[in-house]
Amino acid sequence: MNRETMYWKFAWDEFHLQVFDYEGDINRVNDWIKRRNYKMKNILEIGCGAARYLMFLEKAGYQCVGVDKEIEILEYAKQFVLSKETNVQLLQGDVLKKIPSAFKAKFDLVLAKHLSFPMSGLEKVLDYAKEALAPDGPKLLIFDFLVVGEDSLEENILSIDSAIKDSLFLVRLNQMKLRGEFNKYRWKEVYIIRDTQSGFTVTKTNQRSLWFISRVALEKLLKDKGIKVENELEEITGINNLKGVTIYGKFS
């Protein structure tokens, strides 16, 4: 196993399986669709990553397409996550840019999970989703975002995560600094992955922004975009006064 494959396999697969409940999330999605008696055929996931959600959605009987701008994670998904018999389509693309004609007015549901954008970016994502939905379908949307309450946020956060799988050992160091004037945390994470049998070690550093909005801003955005909320789930993030909010809704 080379360094790049080890990173994707352990940091983006085994580690995430210990953090996220992919199958549970999809069971909740499927329960919502069945309870509302929506007629569903196909689903587009934007920012699909390693395609874990799409794997479970296909098993639930849906035709699935995923788009992500990182070609490396899509190649990893094809080789190590999805089975050879899968009909899931994975395509490279940027959801902050113009939607390709092949995606327009085609899907019954758009899924966007574990993404983080500033308000202007989130508006583009929702516009992209609306264009992708078939006008004669249920026009469903599931997305999540970080929502902050009225109290103050923690300004600096340090944390260490670890995971073990067979002979692989992972440590992730997180350092986050609040940039309040931009409604974001600047997040630096360092992965150290070691094969205890061979001594083979991989280190990788990522830096990104973790954006959030206020409750008032989120509700205004939903109203402006014509999204009717049918269900909402909250998730504690571990950051004081910052919650993950998943919206189950539809475009009017």
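- Of all heavy-atom pairs spanning Ala163 and Phe10, the tightest one is O-CZ, 3.7 Å.
- For the side chain to side chain donor-acceptor pair (under 3.5 Å) condition, the pairs that include at least one residue of residues 21-32, sequence neighbours left out, are Asp25-Arg28, Asp25-Tyr53, Asn30-Tyr62, Trp32-Glu230.
- Under a hydrophobic-cluster definition in which Ile, Leu, Val, Met, Phe, Trp and Tyr are linked whenever side-chain heavy atoms come within less than 4.5 Å, directly or via other members, Phe80 and Trp8 are assigned to the same cluster.
- The closest side-chain heavy-atom distance from Asp161 to Phe15 is below 4.5 Å.
- Within a 6.0 Å sphere centred on CD of Glu232, heavy atoms belonging to other residues, nucleotides or ligands number more than 12.
- No hydrogens or angles considered: nothing links the side chains of Lys78 and Thr86 as a donor-acceptor pair under 3.5 Å.
- For the residue pair Arg172 / Ser162, no side-chain donor-acceptor distance below 3.5 Å is found, with atom types taken as modelled.
- In this structure, Leu91 is not a member of the same hydrophobic cluster as Ile43, with clusters built from ILVMFWY side-chain heavy atoms closer than 4.5 Å.
- Counting only residues at least two apart or on different chains, no ring pair (Phe, Tyr, Trp, His ring centres under 6.0 Å) pair has a member in residues 138-170.
- The structure places NZ of Lys69 at 5.5 Å from CG of Asp94, a figure rounded to the nearest 0.5 Å.
- Nearest heavy-atom pair across Cys48 and Leu74 is SG-CD2, 3.7 Å.
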| said: Would Lys113 and Thr246 count as a side chain to side chain contact (heavy atoms under 4.5 Å, CB included) here? Give the steps. | reply: CA-CA 8 Å; Lys113 293 282 289 178; Thr246 301; 3.2 Å; yes
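- If you chain together hydrophobic residues whose side chains sit under 4.5 Å apart, Leu115 and Ile73 never meet in one group.
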| request: Report the C-alpha distance between Thr205 and Lys188 in whole Å, list the side-chain angles of each, state the deciding distance to 0.1 Å, and finish with yes or no for side chain to side chain contact (heavy atoms under 4.5 Å, CB included). | output: CA-CA 7 Å; Thr205 300; Lys188 179 180 180 180; 3.9 Å; yes
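- Judged by distance alone, the side chain of Asp68 and the main-chain N or O of Gly49 form a donor-acceptor pair under 3.5 Å.
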Donor-acceptor list for residues 101-112 side chains, cut-off 3.5 Å, not counting sequence neighbours:
residue	atom	partner	partner atom	Å
Asp108	OD2	Lys41	N	2.7
Asp108	OD2	Asn42	N	3.3

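- A cation-pi arrangement is found for Lys204 relative to Tyr7, the charged atom lying closer than 6.0 Å to the ring centre and inside a 45° cone about the ring normal.
- A 4.5 Å side-chain heavy-atom check between Val67 and Val95 finds at least one atom pair inside the cut-off.
- One finds the CD atom of Glu189 at 6.0 Å from the CG atom of Asn174 (value rounded to the nearest 0.5 Å).
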Considering only distance and modelled atom types, tabulate donor-acceptor pairs under 3.5 Å from the side chains of residues 117-132, sequence neighbours left out.
residue	atom	partner	partner atom	Å
Asp127	OD1	Lys225	NZ	3.0
Asp127	OD2	Lys225	NZ	3.3

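- No donor-acceptor distance shorter than 3.5 angstrom exists from the side chain of Gln92 to the backbone of Glu70, with no hydrogens or angles considered.
- The distance from the CG atom of Leu170 to the NZ atom of Lys165 is 13.5 Å, given to the nearest 0.5 Å.
- Follow the hydrophobic side-chain contacts under 4.5 Å out from Leu222 and you reach Phe251 in the same cluster.
- Crowding of Glu235 atom CD: a count of heavy atoms from other residues, nucleotides or ligands under 6.0 Å not exceeding 12.
- Relative orientation of the His16 and Phe20 rings is perpendicular, given thresholds of 30° and 60° on the angle between their planes.
- Thr201 contributes a side-chain N or O that, together with a main-chain N or O of Gly199, makes up a donor-acceptor pair within less than 3.5 Å.
- Looking at residues two or more places apart in sequence or on another chain, you find a salt bridge (charged side-chain N to carboxylate O under 4.0 Å, His left out) between Lys243 and Glu234.
- The side-chain heavy atoms of Leu133 and Pro138, taken from C-beta on, include no pair separated by under 4.5 Å.
- Criterion: ILVMFWY side-chain heavy atoms under 4.5 Å apart, direct or through other members. Under it, Tyr248 and Ile46 are not part of a common hydrophobic cluster.
- Of the inter-residue distances, the one linking Met55 atom CE with Ser83 atom OG reads 9.0 Å to the nearest 0.5 angstrom.
- Under the 4.5 Å side-chain criterion, counting only non-hydrogen atoms from C-beta, Arg194 is not in contact with Phe200.
- Side-chain N or O atoms of Ser167 include none that pairs as donor or acceptor with a backbone N or O of Asp195 at under 3.5 Å.
- The residues Glu219 and Lys223 are annotated as not salt-bridged, no charged nitrogen and carboxylate oxygen being separated by less than 4.0 angstrom.
- Judged by distance alone, with hydrogens and angles left aside, the side-chain atoms of Asp144 form a donor-acceptor pair with the main-chain N or O of His114 at under 3.5 Å.
- Residues Ile164 and Gln18 come closest through the heavy atom pair O-NE2, 4.1 Å.
- Heavy atoms of other residues, nucleotides or ligands lying less than 6.0 angstrom from CD of Gln175 number 12 at most.
- If you take CG on Leu54 and CG on Leu90, they are separated by 6.5 Å, rounding to the nearest 0.5 Å.
- Interatomic distance, Arg186 CZ to Ser209 OG, rounded to the nearest 0.5 Å: 4.5 Å.
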| Stepwise, does the side chain to side chain contact (heavy atoms under 4.5 Å, CB included) test hold for Val229 with Asn231? | CA-CA 6 Å; Val229 179; Asn231 192 22; 5.9 Å; no
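- Side-chain contact between Ser252 and Lys228 is absent, with no heavy-atom pair separated by less than 4.5 Å.
- The shortest distance between side-chain heavy atoms of Glu45 and Leu57 does not fall below 4.5 Å.
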| request: Could you check Lys39 against Asn37 for side chain to side chain contact (heavy atoms under 4.5 Å, CB included), going step by step and ending with a plain yes or no? | output: CA-CA 6 Å; Lys39 305 303 180 184; Asn37 198 29; 3.7 Å; yes
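- No donor-acceptor contact under 3.5 angstrom links the side chains of Asn240 and Glu154, judged on distance only.
- Chaining together hydrophobic side chains whose heavy atoms lie under 4.5 Å apart places Phe212 alongside Leu146, Val148, Leu153, Ile157, Met176, Leu178, Tyr185, Trp187, Leu210, Ile239, Leu242.
- The closest side-chain heavy-atom distance from Val29 to Ile142 is below 4.5 Å.
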